[in-house]
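Note sheet for the following structure.
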Amino acid sequence: MKRLKALIDSLKRAFNAPSPSSTIGDRDGALLRVERKLDLLSQQLIQLGLEPLANQTDEPTEDQRSKLVPGRIPVIDQKLENQFLQLESLFSIYNSLPNLKLLPPTRGWAGSPDFLAKIIEVILKQKPAFVLEASSGVSTVVIALALKLNNCGKVVSLDHEDHYAAKTRENVKVNEAESNSIVQHCPLKEYTVGEQSWKWYDIEEVDLTRKIDILVIDGPPRTTQFLARYPAVPLLHEYFADKALVLLDDANRDDEVIIVGKWIAFLEAINYKVEVHMFNHFEKGMVMLEVCRVA
């Protein structure tokens, strides 16, 4: 909890630091939303009776511990740890993307800050030439901006909902990243994979002449069908670069756990080497697969 309080204070100091006049107007709205969340989190600490514990430098006394409701500590600690991770990740996003003008909301269906920060980290380190994204949204914005910082690479984002695709295009335009991004409306269509019928994005009009270096999967929604995101790898593996990364959001859900197992079995059966990196501590869970084509 000391770390959480320290982060809240450091974030507020950072947000109050002088900024170039050209960027103040662009970022005011986003920073105001973040500061409101920080204030709300501070209020929650007070309401839970944890503010004194968050401020102190030593371990809580027995008297302080006795005033806390038994059984609530593990739940509270877990929630605070997640809040800390999301705030820390949000701070990382703003630090990593100096060209960020507007960060769309990162709550609800949108990608969480920890997932977004990991995507940025991977792109800045790997410098991919081509990123394909199943679904579009705030992740499209940060991917495009990270590619722009690299001075190379393009992302193509697929969205089966035309109005969501249009909204993402607007956010990409505000961030002046159109040259690194294409948001394509791709309605769901029927495919047959492994003698089973699946609904997935229609990629007939998608330019896949470049090999996929990174595949980011955050759609379609699980309400589409059981294991809705499974078709991505069977349908796209032939377009993978010799060494590719697959990033899957919502990996803590039961469907996605099954999907990852099926992907590994599928890829290994057709001569791919797969290395798995799991981020179960992320808010919604994330899995990253390093996929290497074996000659």
When you look at CG of Asn280, are more than 12 heavy atoms from neighbouring residues, nucleotides or ligands closer to it than 6.0 Å? yes
So, do Val291 and Leu245 sit near enough that their side-chain heavy atoms are less than 4.5 Å apart? no
Are Lys262 and Phe266 in a cation-pi contact, defined as NZ or CZ under 6.0 Å from the six-membered ring centre and within 45° of the axis? no
With heavy-atom distances below 4.5 Å as the criterion, would you say the side chains of Val287 and His277 are in contact? no
Are any of the side-chain nitrogens in Glu170 or Lys173 under 4.0 Å away from the carboxylate oxygens of its partner? no
Can Arg229 and Asp218 be counted as an ion pair, charged N to O under 4.0 angstrom? yes
Side chains of Asp249 and Ile217 in contact at under 4.5 Å (non-hydrogen atoms): no
Heavy-atom count check: over 12 atoms from other residues, nucleotides or ligands less than 6.0 Å from Glu204 CD? no
Would you check if Phe130 and Ile214 make a side-chain contact, meaning some heavy-atom pair closer than 4.5 Å? no
Any salt bridge linking Arg253 with Glu256? Criterion: basic side-chain nitrogen under 4.0 Å from a carboxylate oxygen. yes
Flag the pair Ile143 / Ile123 as yes when at least one side-chain heavy-atom distance between them is below 4.5 Å, and no otherwise. yes
CA sep, side-chain torsions, deciding dist, call: Arg293, Asp242, salt bridge (charged side-chain N to carboxylate O under 4.0 Å, His left out): CA-CA 5 Å; Arg293 197 187 308 271; Asp242 290 340; 3.3 Å; yes
Around atom CZ of Phe279, are there more than 12 heavy atoms of other residues, nucleotides or ligands at under 6.0 Å? yes
So which atom in Trp200 and which in Leu236 form the shortest heavy-atom distance, rounded to 0.1 Å? CH2-CD1, 3.6 Å
Taking all non-hydrogen atoms of both residues, which atom of Asn171 and which atom of Pro104 are closest, and how far apart? ND2-CG, 3.6 Å
If you measure from CH2 on Trp198 to OH on Tyr230, what distance do you get to the nearest 0.5 Å? 7.0 Å
Would the number of heavy atoms belonging to other residues, nucleotides or ligands and lying under 6.0 Å from CD of Glu205 be above 12? no
Side-chain contact test, heavy atoms from C-beta onward, threshold under 4.5 Å: evaluate it for Glu283 versus Gln83 and give yes or no. no
Side chains of Cys292 and Glu290: closer than 4.5 Å at any heavy-atom pair? no
To the nearest 0.5 Å, tell me how far Tyr201 OH sits from Leu235 CG. 12.0 Å
Does a sphere of radius 6.0 Å around NZ in Lys199 hold more than 12 heavy atoms from other residues, nucleotides or ligands, not counting ones at 6.0 Å or beyond? no
Do the non-hydrogen side-chain atoms of Leu100 and Asn175 ever get within less than 4.5 Å of each other? yes
What pairs with Asp207 under side chain to side chain donor-acceptor pair (under 3.5 Å), at least two apart in sequence or on another chain? Thr209
Quick one: closest heavy-atom pair of Leu124 and Ala146, and the distance? CD2-O, 3.8 Å
Shortest non-hydrogen pair, Ser181 vs Val183, comes out as OG-CG2, 4.0 Å
